[in-house]
Amino acid sequence: MTIAVHAPADARNGLPSAPSASIASPAARRVNGGLLLAALGVATFSLTFPATAWALEGLGPWSVTMCRMVLGGLVAGGCLLARRVPPPARRQLSGLLVVAGGAVIGFPLLTTLALRTSTTSHAAVVVGLLPLTTAAYSALRTRTRHPRAFWAAALTGAAVVIAFAVQQSGGRPTVSDLYLFASLLLCAAGYAEGGRLAREMPGWQVIGWALVLCLPVSVAGAAIALFHEPVALTGHAVAGLLWVAVGSQFVGMWVWYRGMGAIGVARASQLQLAQPLLTLVWSVLLLGERLTPAAPVAAVAVLVCIGVTQRAHR
C-alpha cells in the first residue's frame with residue numbers, strides 16, 4: 001500500500017509552501033549583534049566619568065589623561081603583537097589619526113579638565129549631545145541622508161539634554177561647559193571615523209592602532225605630567241585609572257567600533273542618549289552625588305527618543 005504525503009500548498013500559486021524559518025537571517029543577526037555590542041560599549045563608557053573622578057583624587061588631569069593613553073596603548077600593542085596583525089594600509093592612516101586626535105587625546109583630556117570643577121552628573125548630561133554631533137558629522141562625512149523622523153527625534157533628545165544641563169547649572173555656562181562642548185566636536189569626529197574604519201578592519205584594531213600611534217606622545221606627556229603634578233596613588237585613584245585606561249579606552253572602544261561597523265554610525269550613536277542616564281546612576285552609587293528631580297523626566301524622554309530614532313532608521 002502506498003501512502004501519499006501531501007505538502008501544504010501555497011494559497012497563491014498552488015506550490016508547496018516552504019518551511020517557516022525559525023532562524024533569523026544573517027543580516028538580522030548582524031544588526032542584533034551590532035546593537036548588543038554598541039549597547040555594551042555605552043554601558044562601559046557610562047562608568048568613564050565616575051572612574052575619572054576617582055582617578056583625579058590622586059592624580060592631576062594631565063597625568064590621568066596621559067597615563068590612561070600609555071596603559072591603553074601598551075595593552076593594545078600587546079594584543080596586536082600577539083595576534084600578529086599587519087600594520088594598517090596607508091589609506092587608513094588619516095582616519096586613524098582622526099580617531100587618535102578625537103577619541104584618544106581630545107575627548108579624554110577636555111572632559112578630565114572639566115571634571116576638576118564639574119560634577120560627573122552635570123558633565124554626563126552635557127556630553128549627552130554626543131549622539132547628535134556624531135550623527136551630524138557622519139552624515140556630512142559620508143553624504144548620507146536620514147529620514148526626517150530620525151533627525152526630529154535626535155534633535156528632541158538633544159533639546160532634552162540641553163534643558164537638563166541648563167537646569168543643573170542655573171542657566172549660566174561655565175568654563176567646564178566650554179571644555180565639554182569642545183570635547184563633543186572632537187569625539188564626534190573620532191567616533192564617526194572609527195565607525196567607518198570598522199567596516200574595513202575589526203573594531204579592536206581601529207582603537208588599537210589609534211592608541212599605538214599615540215604612544216610616542218603619551219609616553220613623553222606622562223613623564224612630564226607626573227613630574228609636575230602631585231601623585232597620591234590611593235585605591236580609588238588606581239582603580240579609576242585602570243578602568244579608564246583598559247575598560248573605557250580599549251575594551252569599550254573595541255565593542256563600540258565593532259557595533260558601529262555593523263549597524264552604522266548614526267544608528268549606534270543614538271544609543272548613547274542612554275549614557276548620561278546610566279552615568280547619573282553611577283554618580284549616585286559610587287560618588288554619592290544627588291540627582292535632581294528632573295532626572296526621571298529626562299530619562300523617560302531620552303529613552304523615547306532612542307526608540308523613535310531606531311525605528312525611523314529601520
Side-chain angles (χ1 to χ4, degrees), residues 39-65 67-68 71-72 107-131 157 160-181 183-184 187 225 229-249 251-252 271-303 306:
L40 181 59
V42 169
T44 304
F45 296 152
S46 69
L47 276 164
T48 299
F49 284 173
T52 301
W54 273 8
L56 286 172
E57 293 179 10
L59 297 167
W62 287 89
S63 298
V64 171
T65 304
C67 288
R68 70 179 278 182
L71 293 175
F107 183 80
L109 176 60
L110 292 174
T111 53
T112 302
L113 290 171
L115 286 173
R116 293 180 303 170
T117 55
S118 173
T119 63
T120 59
S121 55
H122 178 82
V125 173
V126 174
V127 173
L129 291 175
L130 184 58
V160 170
V161 168
I162 292 174
F164 190 72
V166 170
Q167 187 271 337
Q168 280 204 326
S169 63
R172 296 187 300 273
T174 62
V175 174
S176 63
D177 288 328
L178 298 179
Y179 281 133
L180 293 170
F181 285 125
S183 73
L184 290 176
C187 194
E229 292 181 335
V231 176
L233 296 181
T234 63
H236 275 182
V238 173
L241 180 61
L242 289 177
W243 179 263
V244 295
V246 180
S248 302
Q249 191 82 77
V251 176
L271 292 175
Q272 280 198 302
L273 285 170
Q275 184 175 323
L277 309 173
L278 293 173
T279 301
L280 290 177
V281 175
W282 293 124
S283 299
V284 172
L285 296 178
L286 300 178
L287 303 175
E289 294 184 5
R290 297 180 58 185
L291 285 182
T292 64
V297 177
V300 174
V302 167
L303 289 177
I306 293 175

Seminar exercise, completed: For Leu271 and Ala39, the nearest pair of non-hydrogen atoms, with its separation, is CD1-N, 4.1 Å
For this session: Could you pull out the closest heavy-atom pair between Pro50 and Leu287, with the gap in Å?
Result: CA-CD1, 4.0 Å
Exercise. Looking at Val244, Leu241, Leu286, which one forms a side chain to side chain contact (heavy atoms under 4.5 Å, CB included) with Trp54?
Worked result: Leu286
Seminar exercise, completed: Interatomic distance, CG@Leu130 vs SG@Cys187, rounded to 0.5 Å, equals 4.5 Å
Exercise. Does Ser46 offer a backbone N or O that forms a donor-acceptor pair with the side chain of Thr279 under 3.5 Å?
Worked result: yes
Problem set entry | Rounded distance (nearest 0.5 Å) linking atom CD of Gln275 with atom CG of Leu47 | 10.0 Å
Exercise. For Ala43 and Leu278, which heavy atoms make the closest approach, and how far apart are they?
Worked result: CA-CD1, 4.2 Å
Exercise. How far does CG of Asp177 sit from OG of Ser118, to the nearest 0.5 angstrom?
Worked result: 6.5 Å
Exercise. So how far is it from Phe49 CZ to Thr119 OG1, rounded to the nearest 0.5 Å?
Worked result: 10.5 Å
Seminar exercise, completed: The reported gap from CZ in Arg68 to OG1 in Thr48 (rounded to nearest 0.5 angstrom) is 6.5 Å
Exercise. With sequence neighbours excluded, what pairs up with Leu56 under the side chain to side chain contact (heavy atoms under 4.5 Å, CB included) test?
Worked result: Thr52, Pro61, Val64, Thr112, Leu115
For this session: Would you kindly say whether Thr120 and Ser283 are connected by a side-chain donor-acceptor distance under 3.5 Å?
Result: yes
Problem set entry | Exercise: identify the closest heavy-atom pair between Tyr179 and Ala114 | CB-CB, 3.9 Å
Seminar exercise, completed: CG (Leu110) and CG (Leu180) are apart, to the nearest 0.5 Å, by 8.5 Å
Exercise. Does the Glu229 side chain pair with the main chain of Ser63, one donor and one acceptor, at a distance under 3.5 Å?
Worked result: yes
